[in-house]
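Some notes on the structure that comes next.
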Amino acid sequence: MTSNYSRRSGQKLGFIPSLLLLSPILIGVPLYSYKHHIYLPEPLHEQYDPVTNLSQISESRILEVSRILSEDIGFRTPGTREHALGEDWLWDQVTKMKDDCDELVKKTPHRHLECEIWRQKGSGSHRFDMMGARLYKTYVNLGNIVVRLSNGTDASKEHSVLVNAHLDSTLPTPGAADDAICVGIMMEAIRVLVESKDWEPKHAVVFLFNNAEESLQDGSHLFSTQHEVATTVRAVINLEAAGTTGRELLFQATSKEMIEAYSHVPRPFGTVIANDVFSSGIILSDTDFRQFQQYLGVTGLDMAIVGNSYLYHMRKDVVENIQPGVAQNFAENTLALLFYLSSPPPTSPSIASLTAGYTKPSTVYFALFGKFWMYSFSTAKLMYVALLVDAVVLVTATSKSRRLGTLGALCKPTLAVLFAFVGSVLGSNVVALVMKYVLGKPLSWFRNEYSPMVLYGPAAALGALVSQYPFTTITELQAYHATLLVQSCLALAIQLLGIGSAALFFLNAASLWVGLAVTAILGLVSVRTGRVSLLTYALAASLPLFLGSSSAYLTLEVFVPLTGRIGADAPADNLIASIISIVGALGFPLFVPFVWRFQTSNKRILNRLIVVMALVTAIPIAVFSVREPFDTMHQKRVYVMRTENITTGEHHLHLSTSDGAPSFEHLVYEVAKEFSAPPMVAPSAANRSSGDIASVAGDIPIPEPILMDWYNSDWDPMFPFSLFLTPYKIPLPVHTDYISPWSSKSNQEGGTGFAISAVDDIVDLEAGTRSLKLVIWHPGLIWTVIAFDAHVLKWNLDDEPPNEYTRHHIKEASYYGSDTWSVDLLIQIPTVSDTKDSNSGAGEILVNFIGLEEEGMWPGKKALLEGKNAKQPGLALKLFSTLDAWIEKETGGKVDALLLGCVAGAQHV
Ligand SMILES: *[C@@H]1O[C@H](CO)[C@@H](O)[C@H](O)[C@H]1NC(C)=O
Ligand SMILES: [Zn+2]
């Protein structure tokens, strides 16, 4: 059928007319996928359907919960007064909910429903490695609130589904989306479940309102290791937010059963690709899901709001900035999951069968065309093998010689296809390097997630075009064949590696296969002239373009804002440029055949295209080189600490940022000019290590960046994130009559202070060991961190301290007012060569310590300065109120500064 020469395919439409003919697809498909991408349901105001009077999810109610927590109560950083108030408020709500539930059950005696509530309190510790660093967490008296809905029988309580959201927010952010909105979603879900007349859960649903996620998952650790119902949990649904817009993304799904459960939500949004990207660790973040996996060994679903991630952990994470429909969508999906998982088989798989626990998932899944698709890895392998075989058959059938040997002729075209990808990656990356190093304009695209497509897209295309230069004698059909085979092979190869994302290549290859097969049957493919029809493109290009553009929207939404917090040294521009080339290659697999469609007949077309594309590439470079990376809704993150060192009596201002945009030095310099101590009175300036203040311009010391490493304790409150920072240190003036409220000598009972001591201290010189309890006393300070060098043989933090003399970091988070914690140590008394300090006594350790003033965080504690009950502010708060206003004015609101008052010191114990 295909050997017939087709007149129509022999017609020669030029490059531009062909492009115009295809433009409805080239423009329409990305627009359609965008519309689909941003779709959200209408938010509902009423809690009861006005017609049927049945309970329904009310977004207004959810947002009201978020407003109360984030505005009325405020910044709920673990350890603060607001954190405790948030817990009290929620406990009130939950108690009322239980009363309502009991009332309702009493009124309907045949209803099998029981509502139970717990207020958990507890202390503990856990190892929490992150960002490649070893780290320990300890916590005192932290709390969780737990609600269980069951049918009242032991059988229903034996196996339960856990739903988790966190009540706390991180260092100064009100956390309206992260994660107060999810607290509201859980409360609405409970109400609707309880008020659904026929709902009698076969399996209990446990709601965990966990009140310490941001202090590194202490709340979920506490629940998992100490709560009485924890052992009944068979599956978990975690609700999170790292943004304020769009559909919540399913980014971790760890068992087939739970993926199957997810297929029942009304509006699924999640793919195995998101799962693969997240589990690669490149996002640098983690959720409570990790604790449930680690300590309960359960599988589940991890979902989060991810759009507009610029506001993640920022001051502007407020209700006003949450997009309408987000809560409705998230809550309805969650509710559907709970209805499904709590119902008996055969409606749902018995969740009792999920005891197998955590295994690497082996299911491919994605939502496409409003449907949720899932199949096992073994099915995937079969399908991808079948497609590869079919591809080979189709290629042979549409080649001049029908023998399999003709595949050899595809060497050159295959190289051309691979070159195009490499060329496109190089093209976009060259532009990234030019922007960063030649023009000094890194991150120029930062404030608009999609804008990198404009900057790097043409460059990627240019690179792909240039890469075709060495090839001279390829036909369009050969290039098409090569593309089809490359995509089919990639699908199979990647799936064989156990990576479900291979589905993307499978879908692309299948689409190319269909396009070629259909047009070949219609006689539109000319084997003799090596040409395919425009209809081939029309048929084959749409699905890849849909997948490519959907992937681009999501990936850019996640990664572009992320570049504002991955550290100044991270190759942010290259990361984004590479993403553009990769999604470009996914979206336009037929780029190479299309070019050769014209190049074969008109040798000069490639030259012309390259010239035109070079011009098109230059325009966005010019435009972006005058763009500012930040604005008031896409702010730069600046971290500020005002630290009083009670050991030396010095006060410093530490400034840092986590992005690679230029001119931070300038801001630091201006701050130094405005707020620094004059160099002549800077305490002990003479014996300061070089690098602190290297040079003096006029009267102002020019701050130099400080090397961050494991041994620098300045930024320990942010360890190990601090390893990504490039901080500056500015000395601050102190009044000569200042009396520190933190020095432990001046303050005893009821005051504030910071002291480290050793109790139960026993030195065993014979064994060469010392055992002690290190006690940290920190009234008025929260999030304390200690760092010390020792060869620890045993401690109560975990069972396997590293068997060597090394640095240890222990971070604490506790309930408001809990001001002492301790750690039990058995250490090897170091030989002199181990320590630099040979004067130390037997096994003496030098402990670096630092903590945050509970009343010294800005803007979290702004209210302390306002109103009738305004307090006499501490040094930190006083400085921050002026410094913050100054930064706001100086930068035109383009900076979100996190300002922390800290107290630090170093003590031999
Ligand atoms: C406080 O001063 C001591 C003694 O000089 C020093 O070892 C320690 O690193 C300082 N801590 C901070 C956080 O500046
Ligand atoms: Zn969160």
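Fair warning: this is a prediction, and the values are worked out from it, not measured in the lab. Numbers for residues simply follow the sequence, beginning at 1. All ligand and atom numbering here is 1-based and tracks the order in the structure.
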Donor-acceptor pair, side chain of S309 and main chain of V306, under 3.5 angstrom: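 No.
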Without swapping roles, check the side chain of D168 against the backbone of E213 for a donor-acceptor pair under 3.5 Å.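 Confirmed, D168 side chain pairs with E213 backbone.
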Taking atom CZ of R134 as the centre, report whether more than 12 heavy atoms of other residues, nucleotides or ligands fall under 6.0 Å from it.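 Yes, the 6.0 Å shell around CZ holds more than 12 heavy atoms from other groups.
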Compute both the distance and the angle, then confirm whether R290 meets the cation-pi test with F128: under 6.0 Å from the six-membered ring centre, within 45 degrees of the axis.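 Because its charged atom sits under 6.0 Å from the ring centre and within 45° of the axis, R290 does stack over F128.
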Protein heavy-atom partner closest to [atom] - residue, atom, separation in Å:
atom                    : value
atom 9 (O) of ligand 1  : N848 OD1, 3.3 Å
atom 11 (N) of ligand 1 : N645 ND2, 2.9 Å
atom 13 (C) of ligand 1 : A904 CB, 3.4 Å

T648 pairs by side-chain contact (heavy atoms from CB on, under 4.5 Å) with which of E650, H651, H652?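 It is E650; the other options fail the test.
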Aromatic ring pairing H221/H126, orientation class (parallel under 30°, perpendicular over 60°, tilted between):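 Aromatic pair H221/H126 classed parallel.
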Hey, can you tell me if F719 and H809 have their rings parallel, tilted or perpendicular (30° and 60° cut-offs)?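 Plane angle under 30°, so parallel.
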Ion pair D317/R315, N-O distance below 4.0 Å: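 No.
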Just the protein N/O/S atoms under 2.8 Å from the Zn ion (ligand 2), please, no waters.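 Less than 2.8 Å away from the Zn ion (ligand 2) sit H166 NE2, D178 OD1, E240 OE1, E240 OE2.
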Show me which atoms of ligand 1 lie under 4.0 Å from any heavy atom of A906.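 Numbered from 1, ligand 1 contributes 3 (C), 7 (O).
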With a cut-off of 4.0 Å, which atoms of ligand 1 are near a heavy atom of T648?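 Answer, ordered by atom number: 2 (O), 4 (C), 5 (O).
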